[in-house]
Q: 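My structure is below; once you've seen it, I'll send some questions.
Just so you know, these numbers use all the heavy atoms, side chains as well, and skip hydrogens, waters and symmetry mates. Because the structure is a prediction, the values reported are computed rather than measured. Protein chains get the first letters and strands the later ones, always in sequence-line order, with residue 1 at the start of each.
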Amino acid sequence: MITMSDIYEKVMDLAKRRGFIWPTSECYGAMAGFIDYGPLGAMMKRRVENIWRDFYVIEEGYYEIECPTIAQEAVFVASGHVKGFADKMCQCPHCHEFLRADHVAEGGGVAGAATMDHEVLAAAIASCRCLACEKVLGKVEVFSFNLMFRTSIGPGSQRTGYLRPETAQGMFVDFTRLLRFYRDHLPFGAVQIGKSYRNEISPRQGMIRLREFTQAEAEIFVHPEEKVHPRFSRYAEYTMPLLTAQQQQAKEPPLTMSMRDAVDNRVIANEYVAYYVALTHEMLVAIGIRPDRLRFRQHLPDELAHYAADCWDAEVYSDRFGWVETVGIADRTDYDLTAHAKHSGTKMTVFIQYSEPKKVRRRRIVPNMSVLGKQYRTKAKAVFEALSKAVPGTDGADIVVDGETIRIPPDLYEIRDEMVEVRGDEIVPHVIEPSYGIDRMCYAVLEQAYDEDIADGETRTVLRLPSSVAPIQVAVFPLMNRDGLDTIALEITTALRKEGVLAEYDDSGAIGRRYRRQDEIGTPYAVTVDYDSKEDHTVTIRDRDSMKQARIAITSVPQTVCALIDGSLIFTSLSP
RNA sequence: GCGCCGAUAGUGUAGUGGUUAUCACUAGGCGUUGCCAACGCCUAGACCCGGGUUCGAGUCCCGGUCGGCGCACCA
């Protein structure tokens with residue numbers, strides 16, 4: 001156990017030194033907000049992503065899709081990112097501080113800043129004081145800073161594109177294809193793991209705030225009135241501390257309760273959100289996040305996006321950064337689909353058939369088109385449309401066409417009361433969105449795995465990574481680099497590789513040094529071939545965390561190692 | 001973006017204007033070594049980038065990049 005508060009330095013140093021994380025294009029001076037994953041980091045990240053796939057693709061049955069990282073402007077106009085992913089900013093002419101213009105307005109008692117355009121806002125804040133140097137601003141220019149990276153598509157083209165700020169939009173714009181793929185019924189989901197981009201003004205904090213980062217997002221399309229997860233029972237009794245909005249406002253500690261109780265007591269909006277809160281908890285623990293450093297925090301009312309019904313963040317405690325938002329689980333209602341339907345002109349609804357057709361009495365207004373057509377000529381179509389929605393009085397119907405109120409006398413239409421059969425509803429599904437920041441997860445895993453203990457009077461650095469995410473799964477050593485021990489060790493390495501195990505062979509230096517090297521990169525097991533191996537065809541297998549050893553038959557090495565890695569066998573059950 | 005601080009082998013460091021840039025660890029090779037960073041010999045490896053001052057700059061000055069902290073920002 002280390003007490004040192006600045007574990008970050010040690011973790012990042014190790015990560016850099018041993019090939020987990022590198023500054024990008026370092027020979028040209030690196031770039032803030034971008035990182036390279038080195039050989040071990042890329043492997044570990046891949047393992048984290050694959051565990052995510054186990055949960056969402058294999059277990060939940062939500063297929064993965066892959067969309068471009070660049071999309072045309074229309075997509076982000078519809079999603080609201082072109083307008084809403086930008087901040088109105090200004091620069092103080094005195095101290096050159098960049099300020100959020102709406103914050104300046106708020107500080108100066110100017111109301112309604114959010115809806116003002118740039119010129120109006122600039123005029124409004126001219127008399128306000130700078131939030132930094134407190135001088136009166138005077139004449140300033142208000143400009144938008146959009147966090148999306150902008151680019152142009154095609155040679156000499158004016159066509160604007162943006163690098164996606166989230167993977168989610170790809171799933172929304174593919175909605176009708178996905179719906180068809182899932183044979184037209186709810187619920188269904190699609191997931192995507194990929195890069196997203198945000199042109200952060202000032203990225204800091206190493207791999208916590210990146211300009212290019214990896215997201216794993218699931219978009220689950222559900223019936224708005226049936227937010228009942230079909231497999232909720234899997235997590236109904238799953239219990240964990242929940243920091244609700246109410247607890248936060250009252251400055252009270254989290255409430256520990258089961259998902260069943262959380263839904264029943266309306267702490268969590270519905271079963272879907274609760275289900276993915278619990279699933280996320282299980283997954284984060286599986287990749288090596290300690291439960292006591294994991295909490296689920298509900299968005300406060302002012303934090304919650306206006307369209308969202310509920311949102312919970314999984315936050316992981318970092319010694320360096322405090323509570324870090326790592327996963328967000330939101331009920332986004334029908335916001336995204338409605339927006340894309342409207343902007344694209346594509347119907348994004350699901351037809352839900354009733355078990356039995358309903359007979360519905362419907363009052364219908366049937367215009368007399370032969371008269372209306374002659375009378376209103378070019379306006380006839382508009383009149384027709386307005387009339388069919390009108391509520392006629394006894395002396396006719398008042399309709400509004402092009403801002404003009406027209407009274408249509410009763411003899412120009414007929415009111416029919418009919419019984420019609422309705423076979424179902426067109427509904428816009430709601431979207432449940434669990435969204436994971438893979439890089440943050442990787443950092444958290446590294447930070448929490450980092451440990452130093454004392455072995456034989458020396459400090460031992462060890463990454464206590466779960467075997468499921470450790471980049472190298474097993475190391476194989478010949479005790480001596482001769483007498484055929486190396487041959488046996490190489491044969492074992494080959495046998496392990498045949499089973500799909502990432503095994504590293506190392507014959508350099510003293511055996512203790514080799515163990516330490518593997519400890520530092522989190523390799524959970526090491527197999528050592530010694531002189532007894534030649535006699536009785538056994539080897540030792542050593543456990544990283546306890547440094548204990550057991551003796552197993554050479555022929556059983558691949559099977560034993562696989563079982564240890566997948567958790568079906570625990571090390572202590574092996575005989576020493 | 002602003003302010004303050006920092007940057008020397010893979011890592012940690014010494015070096016207050018003057019030879020060929022210090023030391024340790026690490027890494028590679030050879031030897032040795034019978035299970036936890038042992039040892040011997042050998043080898044490799046650095047002044048963040050660009051300007052300036054100076055006879056001479058790792059060292060002083062300016063600008064940039066990256067990192068840390070504070071401010072601001074974080075749909």
Q: Hey, where does RNA chain B pair up into stems, meaning at least three consecutive Watson-Crick or G-U pairs with distances under 3.5 Å?
A: B:1-7 with B:65-71, B:10-12 with B:23-25, B:27-31 with B:39-43, B:48-52 with B:60-64

Q: Can you tell me how far C1' in B/G17 sits from the matching atom in B/U33, rounded to whole Å?
A: 50 Å

Q: Would you mind telling me which of B/C35, B/G34, B/C69 lies closest to the side-chain atoms of A/Arg320?
A: B/C69

Q: Side chain of A/Arg482, heavy atoms from C-beta onward: which of B/C69, B/A37, B/U33 has the nearest atom to it?
A: B/U33

Q: On the 0 to 90° scale, with breaks at 30° and 60°, tag the A/His81-A/Phe76 ring pair as parallel, tilted or perpendicular.
A: perpendicular

Q: Is the distance between the ring centroids of A/Tyr162 and A/Tyr197 under 6.0 Å?
A: no

Q: Looking only at atom C1', what distance separates B/C61 and B/U20, rounded to whole Å?
A: 28 Å

Q: Could you check how far CD of A/Glu26 sits from C1' of B/C48, rounded to whole Å?
A: 10 Å

Q: Considering only atom P, compute the distance from B/A24 to B/G6 and round it to an integer number of Å.
A: 28 Å

Q: Can you identify which nucleotide, out of B/G28, B/C69, B/G67, has its nearest atom closest to the A/Arg517 side chain?
A: B/G28

Q: I want to check something: taking the side chain as every heavy atom from C-beta on, are A/Tyr505 and A/Ile492 in contact at a cut-off of under 4.5 Å?
A: no

Q: Is the ring centre of A/His430 less than 6.0 Å from the ring centre of A/Tyr272?
A: no

Q: Would you say A/Glu325's side chain and A/Glu315's backbone share a donor-acceptor pair under 3.5 angstrom?
A: no

Q: Between A/Asp483 and A/Arg17, which is nearer to the 5' end of RNA chain B once each is assigned its nearest nucleotide?
A: A/Arg17

Q: Is the cationic atom of A/Arg297 (NZ for Lys, CZ for Arg) positioned less than 6.0 Å from the six-membered ring centroid of A/Trp323 and within 45 degrees of its normal?
A: no

Q: Using atom C1' of each nucleotide, how far apart are B/A21 and B/A57 to the nearest Å?
A: 13 Å

Q: Using a 4.0 Å heavy-atom cut-off across all strands, classify A/Ala455 as base, sugar-phosphate, or nothing.
A: nothing

Q: With hydrogens left out and only the distance checked, is there a donor-acceptor pair under 3.5 Å joining A/Asp530's side chain and the base of B/C35?
A: yes

Q: Within this structure, what is the CD-to-P distance between A/Glu9 and B/C5, rounded to whole angstrom?
A: 19 Å

Q: Report which part of the nucleic acid A/Thr459 touches: base, sugar-phosphate, or nothing (heavy-atom distance under 4.0 Å, all strands).
A: base

Q: Within the pair A/Tyr8 and B/G68, is there a side-chain N or O less than 4.0 Å away from OP1 or OP2?
A: yes

Q: Both A/Arg211 and A/Val539 contact RNA chain B. Taking the nearest nucleotide for each, which residue is further toward the 5' end?
A: A/Val539

Q: How many Å lie between CZ on A/Arg460 and P on B/C35, as a whole number?
A: 18 Å

Q: Polar atom pairs between nucleotides 38-42 of chain B and protein, under 3.5 Å, N or O only, would you list them?
A:
residue : atom : partner  : partner atom : Å
B/A38   : OP1  : A/Arg513 : NH2          : 2.8

Q: Within this structure, what is the CE-to-P distance between A/Met12 and B/C66, rounded to whole angstrom?
A: 16 Å

Q: Ignoring hydrogens and angles, tell me if any N or O in the side chain of A/Arg198 forms a donor-acceptor pair with the backbone of A/Pro165 under 3.5 Å.
A: yes

Q: May I ask you to evaluate whether A/Arg18 reaches the phosphate of B/A27, defined as a side-chain N or O under 4.0 Å from OP1 or OP2?
A: no

Q: Tell me what A/Thr461 touches on the nucleic acid: a base, only sugar-phosphate, or nothing, going by heavy atoms under 4.0 Å.
A: base

Q: In whole angstrom, give the distance that lies between atom CG of A/Asp532 and atom P of B/G34.
A: 14 Å

Q: Between B/G67 atom P and A/Ile21 atom CD1, what is the distance in whole Å?
A: 14 Å

Q: Closest to the A/Arg209 side chain: B/G67, B/C73, B/C35?
A: B/C73

Q: Is there a donor-acceptor pair under 3.5 Å between the side chain of A/Gln72 and the backbone N or O of A/Arg159?
A: no

Q: Dump the intermediate steps for salt bridge (charged side-chain N to carboxylate O under 4.0 Å, His left out) on A/Glu520 and A/Arg18, then the final yes or no.
A: CA-CA 8 Å; A/Glu520 202 181 33; A/Arg18 300 305 307 271; 2.8 Å; yes

Q: Testing the 3.5 Å rule here: is there a donor-acceptor pair between the side chains of A/Arg211 and A/Ser196?
A: no

Q: Reckon A/Arg542 touches a base, only the sugar-phosphate, or nothing at all at heavy-atom distances under 4.0 Å?
A: base

Q: What distance, rounded to whole Å, do you find between the two P atoms, one in B/G34 and one in B/A46?
A: 37 Å

Q: Would you check if the side chain of A/Arg514 reaches a backbone N or O of A/Pro478 as a donor-acceptor pair within less than 3.5 Å?
A: yes

Q: Within a 6.0 Å radius of atom CD on A/Glu66, are there more than 12 heavy atoms belonging to other residues, nucleotides or ligands?
A: no

Q: Rounded to the nearest angstrom, tell me the gap between atom CG in A/Asp507 and atom C1' in B/G34.
A: 16 Å

Q: If we take the P atom in both B/A14 and B/U54, what is their distance in whole Å?
A: 31 Å

Q: Between A/Thr333 (side chain) and A/Tyr307 (backbone), is there a donor-acceptor pair under 3.5 Å?
A: yes

Q: Out of B/U11, B/G34, B/C69, which nucleotide sits closest to the side chain of A/Asp13?
A: B/U11

Q: Which parts of residues 546-558 of chain A get close to RNA chain B, meaning a heavy atom less than 4.0 angstrom away?
A: A/Met547, A/Gln549

Q: If I take atom CD in residue A/Glu520 and atom C1' in nucleotide B/U11, what distance separates them, rounded to the nearest angstrom?
A: 10 Å

Q: Looking at A/Asp543, A/Asp519, A/Asp545, which hits salt bridge (Lys or Arg N to Asp or Glu O under 4.0 Å) with A/Arg464?
A: A/Asp545

